[in-house]
Every structure is written in C-alpha cells, then in structure tokens.
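Report on the following structure.
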Amino acid sequence: MKAIYTITLKNCAFFARHGVHDEEEFLGQRFFVDAELDVEQGTALVEDSINDTVHYGIAFTEIEKIITGRRRYLIEALALEVATTLCSVFPQVRRAKISIRKPNAPVPGVLDYVQVTVEHFA
C-alpha cells in the first residue's frame, strides 16, 4: 500500500476580474487561493526525486494562469477549474481541495472575505 502525503500552497494572491457585476470586471480585485493536494507517494519520498511529486512552482503557475485568465462569474466555477486542472497536470494527485477568497465581494455590509472551497477527487 502506498502512502498519501499533502502539499499545500497557502494564500497565493492574484489580481483578476471575476464576478457577476460589471464593476468587478472593470475595477478588478485581489483573489487569494489555497490549494491542498493529496499526492500518492510513488517513488518521490524514497528516492528524494522531484520527478514523481508535485512541483509546487509549476502548480503555482497553473493556478495563476487560471485565476488571471478568462473572467468567471462564480468563484465556485473558478475553484473547480483549478482543482481539475491540477489533477490533470499532476496524475499522482488523488484529491485537490481549492479554496478561493474574495475580500472585496460586493455585499451590503462589512466582512473579511467570501470564501468558496471545492474538492475534486481524481
């Protein structure tokens, strides 16, 4: 039986233009992403080799491409796209849990942020 280990990228910040309202597209805002990736061991831990694990620099770049790419109305859809992409790019990922925070969500009151979390199982 192979072990599972978790790689986490925490609080990745990107400027993007997602949201339902026109002003969100026009003004843009910062989004913060956490990615928690459960990885099947393979030989990475035994051989101390990056070739059989998730290269977190590449994972960050993949997240950035999606978050700063085409506009999405819902951060739920954005989170799912990040999760499925990471599972596709890294076939050893068994679960991708993606949280996206939107600190400047247009709500009629004060809040720290709105957050959506999506889990995708490969």
Side-chain angles (χ1 to χ4, degrees):
M1 183 171 165
K2 294 183 179 183
I4 298 287
Y5 59 97
T6 302
I7 293 176
T8 303
L9 288 83
K10 195 78 166 169
N11 220 27
C12 306
F14 306 102
F15 182 84
R17 301 178 184 279
H18 305 290
V20 175
H21 303 287
D22 291 338
E23 57 270 13
E24 291 178 291
E25 181 180 21
F26 178 72
L27 297 173
Q29 59 188 293
R30 292 186 71 163
F31 292 81
F32 296 90
V33 179
D34 298 336
E36 186 177 290
L37 308 173
D38 288 346
V39 182
E40 187 174 330
Q41 176 187 339
T43 61
L45 303 180
V46 175
E47 295 180 7
D48 193 27
S49 171
I50 195 165
N51 296 327
D52 196 26
T53 189
V54 172
H55 186 301
Y56 40 82
I58 294 171
F60 182 91
T61 301
E62 291 295 327
I63 295 166
E64 181 178 38
K65 283 192 292 190
I66 295 165
I67 300 296
T68 62
R70 72 181 177 98
R71 178 184 181 196
R72 294 288 198 154
Y73 291 121
L74 302 176
I75 58 175
E76 294 91 323
L78 197 58
L80 180 61
E81 185 177 351
V82 170
T84 57
T85 297
L86 291 175
C87 286
S88 175
V89 169
F90 300 104
Q92 61 274 53
V93 171
R94 296 295 167 245
R95 178 189 69 103
K97 180 179 177 182
I98 308 299
S99 297
I100 299 179
R101 286 178 300 290
K102 186 175 180 176
N104 300 110
V107 298
V110 178
L111 55 75
D112 284 342
Y113 54 82
V114 170
Q115 177 174 304
V116 169
T117 301
V118 169
E119 286 187 74
H120 177 74
F121 297 89

- prompt: So, for H21 and P106, which heavy atoms are closest and what is the spacing to 0.1 Å?
  reply: CD2-CG, 3.4 Å
field: Residues Q115, T117; criterion side-chain contact (heavy atoms from CB on, under 4.5 Å); working and verdict
entry: CA-CA 7 Å; Q115 177 174 304; T117 301; 3.4 Å; yes
- prompt: Looking at side-chain heavy atoms only, is the closest gap between I63 and L86 below 4.5 Å?
  reply: yes
- prompt: Nearest 0.5 Å, what's the CD1-CD distance between I75 and E81?
  reply: 14.0 Å
- prompt: Between the main-chain N or O of T53 and the side-chain N or O of Q92, is there a donor-acceptor pair closer than 3.5 Å?
  reply: yes
message: Using only atom types and a distance under 3.5 Å, with no angle test, would you say the side chain of S49 pairs donor to acceptor with the backbone of N51?
response: yes
- prompt: How about D34 and N11: do any of their side-chain heavy atoms sit closer than 4.5 Å?
  reply: yes
- request: With rounding to the nearest 0.5 Å, note down the distance linking CD in E23 to CG in N104.
  value: 12.0 Å
message: A quick test of your reading: do over 12 heavy atoms of other residues, nucleotides or ligands sit less than 6.0 Å from CZ of F26?
response: no
message: Between K97 and D38, does any NZ, NE, NH1 or NH2 come within less than 4.0 Å of an OD or OE carboxylate oxygen?
response: no
statement: In this structure, CG of L78 is separated from CZ of R71 (nearest 0.5 Å) by 12.0 Å
Between CZ on residue R101 and CZ on residue R30, distance to nearest 0.5 Å: 11.5 Å
field: V54 to A59 - nearest heavy-atom pair and separation
entry: CG1-CB, 4.1 Å
query: Are I58 and Y56 connected in the hydrophobic side-chain network, where two residues link if heavy atoms are under 4.5 Å apart?
result: yes
task: Please report the closest heavy-atom contact between C87 and V93, naming both atoms and the distance.
output: SG-CG1, 3.8 Å
- request: Kindly say whether P91 contributes a backbone atom to a donor-acceptor pair with the side chain of R94 at under 3.5 angstrom?
  value: yes
- line: When rounded to the nearest 0.5 Å, the distance separating NE2 of H120 from CG of L37 is 11.5 Å
statement: When every non-hydrogen atom of P103 is compared with those of F32, the smallest separation belongs to CG-CE1, 3.5 Å
query: Is I98 close to V33 at the side-chain level, that is, under 4.5 Å between some pair of heavy atoms?
result: yes
query: Within the distance-only criterion (no hydrogens, no angle test), does the side chain of H55 pair as donor or acceptor with the backbone N or O of G57 below 3.5 angstrom?
result: yes
message: Is there a continuous path of hydrophobic side-chain contacts, each under 4.5 Å between heavy atoms, that joins V116 to L74?
response: no
- request: Could you check if a side-chain atom of R95 sits within less than 4.5 angstrom of a side-chain atom of E36, using non-hydrogen atoms only?
  value: yes
query: Just by distance, do the side chain of S88 and the backbone of T84 share a donor-acceptor pair under 3.5 Å?
result: no
- request: Check whether V89 and I7 end up in the same hydrophobic cluster, where Ile, Leu, Val, Met, Phe, Trp and Tyr are linked by side-chain heavy atoms less than 4.5 Å apart.
  value: yes
message: Checking D22 now: which residues fulfil side chain to side chain contact (heavy atoms under 4.5 Å, CB included) with it, not counting sequence neighbours?
response: none
field: Pairs satisfying ring pair (Phe, Tyr, Trp, His ring centres under 6.0 Å), at least one member in residues 57-116, at least two apart
entry: F14-F60
- prompt: Do you know which of H18, K102, R17 makes side chain to side chain contact (heavy atoms under 4.5 Å, CB included) with E24?
  reply: K102
message: Can you tell me how far apart CG (D48) and CD1 (I50) are? Round to the nearest 0.5 Å.
response: 10.0 Å
